[in-house]
Amino acid sequence: MMEEVVAGLRLSAVLFFALIPHPSLADGDAAKGEGVFQNRCVECHAVTGDQVKIGPPLTGLFGRVSGSWPGFAYSDAMKAAGIVWGAETLTQYLPNPRAMVPKTKMNFNGLKRPGEVEDLIAYLAAATTN
Ligand code: HEC
């Protein structure tokens with residue numbers, strides 16, 4: 001009897017952790033994030049394809065190493081940063097890019113409103129997969 005209770009508790013604990021996705025993705029609203037992207041990022045970045053604007057395309061961003069879009073003229077700072085882009089690193093970067101990558105040439109002060117970063121990441125996770 002006791003063993004069954006312990007096994008049951010273990011199973012609940014495993015399910016509890018397995019069923020909770022990463023908070024930055026879970027909390028975000030991709031539809032709102034698309035609005036953030038259109039207002040704040042689209043002038044410099046594409047999310048699919050290989051169009052280079054002022055910044056590199058964000059195509060396939062999740063899992064990409066910083067400074068690695070072929071042919072884009074990155075700053076030395078971004079090339080040397082060695083960041084793997086994903087929900088956690090974007091959560092750190094987007095509120096204040098220059099705090100994470102001093103001397104980046106991304107001319108953007110950062111997203112300051114509560115919820116914007118989570119919404120944008122939810123959008124990017126879905127939109128940059130091609
Ligand atoms: C004024 C143009 C501009 C705006 C606005 C801008 N970026 Fe950038 N972004 C750049 C440039 C230029 C780089 C390359 C930076 C470097 O080489 O230091 C860059 C780099 C990046 C990178 C790293 C890409 C890589 O290949 O390593 C990410 C991620 C990124 N931007 C996301 C965003 C997001 C999301 C937004 C909107 C919140 C945004 N950027 C707004 C110009 C911009």
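The first residue of the sequence shown is numbered 1, and numbering continues consecutively from there. For ligands, and for the atoms within them, numbers begin at 1 and follow the listed sequence.
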[X] vs [Y] side-chain heavy atoms within contact, under 4.5 Å:
{"X": "Asp29", "Y": "Glu118", "answer": "no"}
{"X": "Val47", "Y": "Phe37", "answer": "yes"}
{"X": "Met106", "Y": "Met78", "answer": "no"}
{"X": "Trp85", "Y": "Leu124", "answer": "no"}
{"X": "Pro95", "Y": "Lys112", "answer": "no"}

Name the closest protein heavy atom to [atom], giving the residue it belongs to and the distance to 0.1 Å.
{"atom": "atom 17 (O) of ligand 1", "result": "Ser75 N, 2.8 Å"}
{"atom": "atom 15 (C) of ligand 1", "result": "Thr104 OG1, 3.4 Å"}
{"atom": "atom 5 (C) of ligand 1", "result": "Arg40 O, 3.2 Å"}
{"atom": "atom 12 (C) of ligand 1", "result": "Ile54 O, 3.4 Å"}
{"atom": "atom 37 (C) of ligand 1", "result": "Cys41 SG, 1.8 Å"}

What do we get for [X] next to ligand 1 when only non-hydrogen atoms under 4.0 Å count, side chain, backbone, both or neither?
{"X": "Leu94", "result": "side chain"}
{"X": "Trp85", "result": "side chain"}
{"X": "Phe108", "result": "side chain"}
{"X": "Lys79", "result": "neither"}
{"X": "Pro56", "result": "side chain"}
{"X": "Leu120", "result": "side chain"}
{"X": "Arg64", "result": "side chain"}

Would you mind running through ligand 1 and noting each atom that sits below 4.0 Å from a heavy atom of [X]?
{"X": "Ser66", "result": "27 (O)"}
{"X": "Asn107", "result": "1 (C)"}
{"X": "Gly55", "result": "10 (C), 11 (C), 12 (C)"}
{"X": "Phe72", "result": "14 (C)"}

Subject >> Heavy-atom neighbours of Asn96 CG exceed 12 at 6.0 Å >> reply: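 Yes, the 6.0 Å shell around CG holds more than 12 heavy atoms from other groups.
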**OP:** Step through the shown structure and confirm whether more than 12 heavy atoms of other residues, nucleotides or ligands are within 6.0 Å of CG on Asn107.
**Re:**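 Count not over threshold, so no.
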Subject >> His45 atom NE2 and Met106 atom SD as seen from atom 8 (Fe) of ligand 1, angle to 10 degrees >> reply: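 About 170°, to the nearest ten degrees.
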**OP:** With atom 26 (O) of ligand 1 as the reference point, say which of Phe62, Tyr123, Trp69, Tyr74 has the nearest heavy atom.
**Re:**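 The nearest heavy atom belongs to Tyr74.
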Original post:
So which of Val47, Thr59, Leu58, Ile121 gets nearest to atom 28 (C) of ligand 1, if we judge by its closest heavy atom?
Top reply: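 Of the listed residues, Leu58 has the closest heavy atom.
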Original post:
Would Cys44 count as a contact for atom 8 (Fe) of ligand 1, in the sense that one of its N, O or S atoms lies under 2.8 Å from it?
Top reply: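 Of the N, O and S atoms in Cys44, none lies under 2.8 Å from atom 8 (Fe) of ligand 1, which means no.
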**OP:** Following the transitive rule for hydrophobic clusters with a side-chain heavy-atom cut-off under 4.5 Å over Ile, Leu, Val, Met, Phe, Trp and Tyr, establish whether Phe108 and Leu120 coincide in one cluster.
**Re:**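 Same cluster.
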Would you give the length of the straight line joining atom [atom1] of [X] to atom [atom2] of [Y], rounded to the nearest 0.5 angstrom?
{"X": "Ile121", "Y": "Tyr93", "atom1": "CD1", "atom2": "OH", "value": "12.5 Å"}
{"X": "Glu34", "Y": "Asn39", "atom1": "CD", "atom2": "CG", "value": "11.0 Å"}
{"X": "Phe72", "Y": "Asp50", "atom1": "CZ", "atom2": "CG", "value": "13.5 Å"}
{"X": "Met100", "Y": "Ile83", "atom1": "CE", "atom2": "CD1", "value": "4.0 Å"}

**OP:** Would you check the N or O atoms of Lys103, main chain and side chain alike, for any that come under 3.5 Å of an N or O of ligand 1?
**Re:**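 No: no nitrogen or oxygen of Lys103 is under 3.5 Å from one in ligand 1.
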**OP:** State whether the shortest distance between N or O atoms of Gly67 and N or O atoms of ligand 1 falls below 3.5 angstrom.
**Re:**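 Yes - when backbone and side-chain N and O of Gly67 are compared with those of ligand 1, one distance drops under 3.5 Å.
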Original post:
Checking Arg98 side chain against Gly110 main chain: does a donor-acceptor pair fall under 3.5 Å?
Top reply: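 No.
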